Colleague: 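Structure below; questions to follow.
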Amino acid sequence: MNAAFSIDNPRIEGPDVVYAELQNVLQDLDDHQAERLLFRLIFILCNQIGDRDTVLASIKAAATNPSEPTQQEPNHV
Amino acid sequence: MSANAQGVASGYTLPNYEPVIPPAVHSGEPEELSVVIIGGGLTGLTAAADFSRRGIPVVVLDDDTTVGVRGASSRGMVYAQKSLEIMDRIGVFHRMLEKGVTWSVGRTMAGRDEVYSFDRGASNVSVQPAFVNLQQFYLEWFLVDRIEELGQAELRWANKVLKVENAEDHALIEVDTPEGGYRIRARWVIDASGVASVSRNSLNIPTHPVQTADCWCICDVRFHRPMPTERWTYVEAPFNGNRAVWQHPMADNVWRLDYQMGADKDAKEAARPEVARERVREHLGPDVDFELVWVGPWQYRTQVLDEFRHGRVFFAGDAAHVMSPFGGRGGNSGIQDAENLTWKLTMVMLGKAPESLLDSYSDERREAALENIAVTSRTARFLAPQSDRERRLRAVVLELARQYAFARPLVNTGQLSEPNVYTASRAVSADGGFCLPNLRLGHDGHSLPLMSLMRDLNNRLLALCVAGPEDVDTDVVQEDDALAVRVLGGRNPDLIDPTGQLLALTGAQPGDVLVIRPDLYLAGRAPGADSRKVADLVARAKGELQ
């Protein structure tokens, strides 16, 4: 996993603002509209991160089943 | 004008070669040969021509009596720069350039909107252009002519291989001809016979095939409407039911139009000339007169061998690996397989390197095949989403690509063939393993392409001692019949790097020694002050280190 990747430490100042903004943009959308927005957001964020290893590590972390230990590598899809 | 089995005018007259009946058919005695190439297709003929140019006699066995595939006017058609460089060394590039269509610009369309384009010409540092499009049978034809001109190889048409067996110091090949069978005891065999390899089956070698359901249909079409000589790819073509379409120019005013049909289509129905004509008319518009040259449905599949060498038998091209055709990676990788194996086997046969060098063929070309399969499979999946959610994911990419430049490279219509990087080969060091372009060096006041330099070194590796303001000590590396030594730059140069591209690509500093292989791959770089590291690098490039 990339040395720059950090899953345990909060890195955003004022995360409540980010969370609230996501709530705002999603609140009036149906499931397909919400999915479209989130897909767009993911691609934009991936580009902002800019480092492929960090993006791939993030995808793996997101795909890890919450009931599994976080150290375990998820299966490749 | 002839007609093929599907009733479509081909407009091509292919050569017909006489069947060859070797004396062993009548003598009954096994024939002893050094190198036998099974298959006179693109990979096999490239290997035969390359061996011929290197002075190694070979025999090619082909079950047909012509080039290309009987009944099919063309298959592969994009030749990327690395292949063009190889063909230049072999001596057929000038014919490709004269007959084919040179291009460097590719455009990707979503609907009628351009969402992405590239121009490989702008950044080109090679003597050869980025791409030449040419029907595959033409290139095979040029290779046959060149092989005959060089006079080192025997092309045995109508010689069908029935069985191959490995023994300790040879392989035994059973061959059938129109006048009967015979046997060959070959010291080395290169199986370049394609997907349906007989020797692979004889030796019980698994291929791990994966077939996809997505169906495509090629329509090679001749028309005279002015069109840019560019590759256009449509992800969602409105004239093809919002499915993908490829549009490539080829020789003779013929265009390769390749239509995605979807998984539920009847392939035979899609390839019926009447159905194909209607599809092309939708594409080109009602006012364009055209002629169908060839129509053929296809589905992609992938497969790869676990090892590309089995005893005395090497597998190359489609006999070793099959991949989706996106980016022209199939044919171009077969050409590179042939080059990789040819120089190594030549050095071994001439006693310039140990047999262990040959094991690096599988290291390198299998890694390349796996990468090519991964790259083309990602393209295939982008073009044929496997669920409604994947389709929506792709729709977002297309939407973003229209809106923002950053998203345009996400529109995956295929990454065109490039030389692969070898990260796990026993014959390169950690800072080598990548291919140098055929860039221009300077020699005696003249421009000297790197490929020409390597060709003239006559089956040797090249150690380049990089000089700075001070003279470089060339005693650190000894020239022999397997290794040439030259000084690059400095006060008394053998060669100069006029643009600095070679130094920039390799990261070489004054005092370094670069070892370059006959296939233009950098074997590695070592500090000239450390004679042990230089010796290790040279030994590694010769395959002496495992």
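Atom set for the values below is all heavy atoms of this structure, side chains included, hydrogens, waters and symmetry mates excluded. For clarity, every value in this text was computed on a predicted model and none was experimentally measured.
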Colleague: With a 6.0 Å cut-off on ring centres, are B/Phe434 and B/Tyr521 close enough?
Modeller: no

Colleague: At a 4.5 Å cut-off on heavy atoms, which part of A/Ile44 comes close to chain B: side chain, backbone, both, or neither?
Modeller: both

Colleague: Name the residue from B/Val245, B/Asn242, B/Thr108 that meets the side chain to side chain contact (heavy atoms under 4.5 Å, CB included) definition with B/Tyr234.
Modeller: B/Val245

Colleague: What verdict does the side-chain contact (heavy atoms from CB on, under 4.5 Å) test give for B/Lys82 and B/Leu520, after you've listed the backbone C-alpha separation in whole Å, the side-chain angles of each residue and the deciding distance to 0.1 Å?
Modeller: CA-CA 10 Å; B/Lys82 175 65 179 169; B/Leu520 298 199; 4.2 Å; yes

Colleague: Using the six-membered ring wherever Trp is involved, compare the ring planes of B/Tyr361 and B/Phe308 and label them parallel, tilted or perpendicular (cut-offs 30° and 60°).
Modeller: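 Rings of B/Tyr361 and B/Phe308: tilted, 30 to 60°.
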
Colleague: Walk me through it: do B/Trp216 and B/Trp246 pass the test ring pair (Phe, Tyr, Trp, His ring centres under 6.0 Å)?
Modeller: CA-CA 10 Å; B/Trp216 290 65; B/Trp246 260 235; 5.4 Å; yes

Colleague: Should we say atom CG of A/Asp31 is surrounded by more than 12 heavy atoms from elsewhere, each under 6.0 Å from it?
Modeller: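 Atom CG in A/Asp31 is not crowded, with 12 or fewer foreign heavy atoms closer than 6.0 Å.
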
Colleague: Do any of residues 393-416 of chain B come closer than 4.5 Å to chain A, heavy atom to heavy atom, and if so which ones, in number order?
Modeller: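 When heavy atoms of chain A are the reference, residues 393-416 of chain B contributes B/Leu393, B/Val396, B/Val397, B/Glu399, B/Leu400, B/Gln403, B/Tyr404, B/Phe406, B/Leu410 within the under-4.5 Å range.
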
